Amino acid sequence: MIRDKSFTSILMQWDKNENHRKMPWKGEKDPYKVWVSEIILQQTRVEQGWMYYERFLIQFPDLISLAKAKDDDVFKLWEGLGYYSRCKNLIHTARYIYDNYEGKFPENYEDILSLKGIGPYTAAAIVSFCFNKPYAVLDGNVFRVLSRISGNSIPIDSAEGKIWYTKLADKLLDKILPGKYNQAIMDFGATICKPMLPLCAACPANNICVAYDKTMVNILPVKEKVLKKRIRWFSYFIIKAEGKVLVRKRTENDIWQNLFEYFLIETPANPEWDFSAISTLFKTQLGINHLTISNISVAKPQQLTHQLIKGYFVHLEFSSMPEVLKSKNAMWLTDTAVSNLPFPKFINEYFSSPKSPPALF
DNA sequence: AACACGGGGAT
DNA sequence: ATCCCAGTGTT
């Protein structure tokens with residue numbers, strides 16, 4: 001077992017003298033801003049979230065402005081950041097605090113933990129950073145640092161591991177300066193005790209680090225869960241009629257919930273569309289005699305955490321809006337209206353990347 | 001307890 | 001290719 005006190009004092013000493021990491025939200029005490037930063041940073045690299053944080057606070061500088069915002073405007077700011085349920089919960093919780101706490105962010109750990117989108121990590125971060133309360137954060141950085149200094153190979157994603165690391169984190173927390181300590185251990189994990197190629201030779205804690213002593217640094221922390229992946233085939237039909245295009249909001253319980261998309265046909269395998277097959281499909285399904293396919297492109301595949309999305313983009317032109325395409329969430333919109341809506345990267349990529357020449361069959 | 005949820009950067 | 005990132009909600 002490691003000598004608890006020494007790690008804490010080593011870390012605080014390192015933070016005071018050698019930690020030069022700077023971030024826009026560091027030292028922030030406004031719980032609204034800290035909350036926004038922590039939600040943005042969930043499972044997201046600091047560098048990736050940085051600009052999103054700054055843009056978010058310009059448009060929604062306080063909780064009131066967020067509570068009164070339109071959903072799609074907030075999602076537009078979140079566009080491209082991923083994990084869109086974070087955005088949904090952010091809106092929901094802003095309105096909840098506005099309605100139930102008179103717009104003032106709660107300061108009690110349990111109250112904060114009960115809010116949608118806020119789990120143990122984010123609640124601990126908010127109360128320690130803003131109110132200096134003694135709650136230890138436990139994120140990917142902390143798991144890694146604690147696993148290595150203790151030399152523990154219990155999987156960090158097992159139930160047993162979570163309990164064990166929670167206890168150790170609570171024990172090592174600096175109870176006088178919990179906010180400083182929490183910030184320090186995450187900075188330390190991000191800059192010294194990195195996942196790959198950690199800077200062990202320069203590490204101020206290498207003399208008490210069990211993993212370093214036993215040359216186990218490269219195998220810790222241990223994870224037990226293996227990611228399952230699947231391929232999905234999305235064929236998008238960009239259907240235009242009377243100067244407008246068919247768009248719908250993704251409301252189903254699936255990826256990209258609350259983002260928008262074009263008319264989608266998902267197939268269990270590569271559909272290998274060609275002009276004739278698509279024409280037949282639409283003529284039979286829609287009872288339409290005439291349609292024009294102006295273009296078919298192969299989509300750039302997109303790798304998500306559990307899924308690989310592949311597919312096609314097909315442009316169709318109708319002389320008038322087909323009745324059968326007026327479904328529940330479907331809307332016919334102008335290009336201007338469409339440009340203000342949030343879309344998945346899979347779709348934005350298609351429109352932003354040069355397609356010369358179009359990848360035809 | 002197991003699983004889904006995005007996108008990007010490093011190795 | 002693979003891993004992992006200032007995790008959380010759902011089933």
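Throughout, protein chains are lettered first and strands after them, A, B, ... in sequence-line order, and every chain is numbered starting at 1. It should be emphasised that the depicted structure is a prediction, and the values quoted were computed from it without experimental measurement.
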Legend entry - Mutual orientation of the aromatic rings belonging to A/Y96 and A/H92 [parallel < 30°, tilted 30-60°, perpendicular > 60°]: parallel

Inset, instruction - Hey, which sits more toward the 5' end of DNA chain C by its nearest nucleotide, A/T305 or A/K229? - result: A/K229

Legend entry - 5'-most by nearest nucleotide on DNA chain B - A/R230 or A/E47: A/R230

Inset, instruction - Output yes when at least one side-chain N/O atom of A/R45 is less than 4.0 Å from OP1 or OP2 of B/dA10, else no. - result: no

Inset, instruction - Return yes if some donor-acceptor pair links the side-chain N/O of A/K223 with the main-chain N/O of A/I156 below 3.5 Å, else return no. - result: no

Inset, instruction - Look at the side-chain N and O atoms of A/Q307 and state whether any lies under 4.0 Å from the OP1 or OP2 oxygen of B/dA4. - result: no

Legend entry - A/I40 CD1 to C/dG7 C1', straight-line distance once rounded to whole Å: 14 Å

Legend entry - Rounded distance (Å) that lies between atom P of C/dT8 and atom CH2 of A/W35: 14 Å

Legend entry - Electrostatic pair A/D335:A/K244 at N-O distance under 4.0 angstrom: no

Inset, instruction - Have a look at A/G80 and say if it touches a base, only the backbone sugar-phosphate, or nothing, with a 4.0 Å heavy-atom cut-off. - result: sugar-phosphate

Inset, instruction - Mind listing the residues from residues 175-199 of chain A sitting with a heavy atom below 4.0 Å of DNA chain C? Number order is fine. - result: A/Q183, A/M186, A/D187

Legend entry - Residue-phosphate contact under 4.0 Å: A/Q43 side-chain N/O, C/dC5 OP1/OP2: no

Inset, instruction - Have a look at A/R21 and say if it touches a base, only the backbone sugar-phosphate, or nothing, with a 4.0 Å heavy-atom cut-off. - result: base

Inset, instruction - Can you tell me, in whole Å, how much space there is between the C1' of C/dC5 and that of B/dG6? - result: 12 Å

Inset, instruction - Quickly work out the A/F143 CZ to C/dG7 C1' distance and round it to whole Å. - result: 10 Å

Inset, instruction - Take atom P in C/dA6 and the same atom in B/dT11, then report the distance between them in whole Å. - result: 14 Å

Inset, instruction - May I ask you to say what A/I156 touches in the nucleic acid, namely base, sugar-phosphate or nothing, with a heavy-atom cut-off under 4.0 Å? - result: nothing

Legend entry - Whichever of A/G117 and A/D139 has its nearest DNA chain C nucleotide further upstream toward 5': A/D139

Legend entry - Among B/dG7, B/dA1, C/dG7, the one nearest A/Q48 by side-chain distance: B/dG7

Legend entry - A/R21 with A/D15: basic N within carboxylate O range, under 4.0 Å: no

Inset, instruction - Give one of base, sugar-phosphate or nothing for A/I118, where a contact means two heavy atoms less than 4.0 Å apart. - result: sugar-phosphate

Legend entry - A/F131 and A/F105 aromatic centres sub-6.0 Å: no

Legend entry - Phosphate OP1/OP2 of C/dA6 contacted by A/W25 side-chain N/O (<4.0 Å): no

Inset, instruction - Kindly state which residues belonging to residues 86-98 of chain A come within less than 4.0 angstrom of DNA chain C, counting heavy atoms of the residue only, listed by number. - result: A/N89

Inset, instruction - For the pair A/D71 and A/R95, find out whether any cationic side-chain nitrogen is under 4.0 Å from an anionic carboxylate oxygen. - result: yes

Inset, instruction - Taking the side chain as every heavy atom from C-beta outward, state whether A/I40 and A/S37 have any atom pair closer than 4.5 Å. - result: no

Legend entry - Listed nucleotide nearest any side-chain atom of A/L304, set C/dT10, B/dC5, B/dG7: B/dG7

Legend entry - Among B/dG6, C/dG7, C/dC5, the one nearest A/Q42 by side-chain distance: C/dG7

Inset, instruction - Would you classify A/T122 as touching base, sugar-phosphate or nothing, given that sugar-phosphate means primed atoms plus P, OP1 and OP2, and contacts are heavy atoms under 4.0 Å? - result: sugar-phosphate

Legend entry - Interatomic distance, A/K223 NZ vs B/dA2 P [rounded to whole Å]: 15 Å

Inset, instruction - Specify the separation, in whole Å, of atom CG of A/L308 and atom P of B/dG6. - result: 15 Å

Legend entry - Near-ring test A/F343/A/F351, centroid separation under 6.0 angstrom: no

Legend entry - Carboxylate-amine/guanidinium contact A/D187 A/K26, below 4.0 Å: yes

Legend entry - Gap between atoms CD and P, on A/Q302 and B/dG9 respectively (whole Å): 13 Å

Inset, instruction - Decide, yes or no, whether a salt bridge links A/R250 with A/E252 under the criterion of side-chain N to carboxylate O below 4.0 Å. - result: yes

Legend entry - Separation of atom CG in A/L220 from atom C1' in C/dC3, rounded to whole Å: 16 Å

Legend entry - Value in whole Å for how far the C1' atom of B/dC5 lies from CD of A/E252: 14 Å

Legend entry - Side-chain N,O (A/Y84) to OP1/OP2 (B/dG7) below 4.0 Å: yes

Inset, instruction - Look at the side chain of A/T44 and the base of C/dG7, then say whether one donor and one acceptor between them are separated by less than 3.5 Å. - result: no

Inset, instruction - Select one nucleotide: of B/dG7, B/dA1, B/dC5, the one nearest the side-chain heavy atoms of A/I255. - result: B/dC5

Inset, instruction - Indicate yes or no: does A/K240 engage A/E317 in a salt bridge with an N to O separation below 4.0 Å. - result: no

Inset, instruction - Can you figure out which of C/dG7, C/dT11, C/dA6 approaches the side chain of A/V46 most closely? - result: C/dA6

Legend entry - Salt bridge flag under 4.0 Å for residues A/K76 and A/D72: no

Inset, instruction - Evaluate whether the aromatic ring of A/Y121 and the six-membered ring of the C/dG7 base sit under 5.5 Å apart, centre to centre, with an inclination under 30°. - result: no

Legend entry - 5' priority, DNA chain B, between A/H306 and A/A159 [closest heavy atom]: A/A159

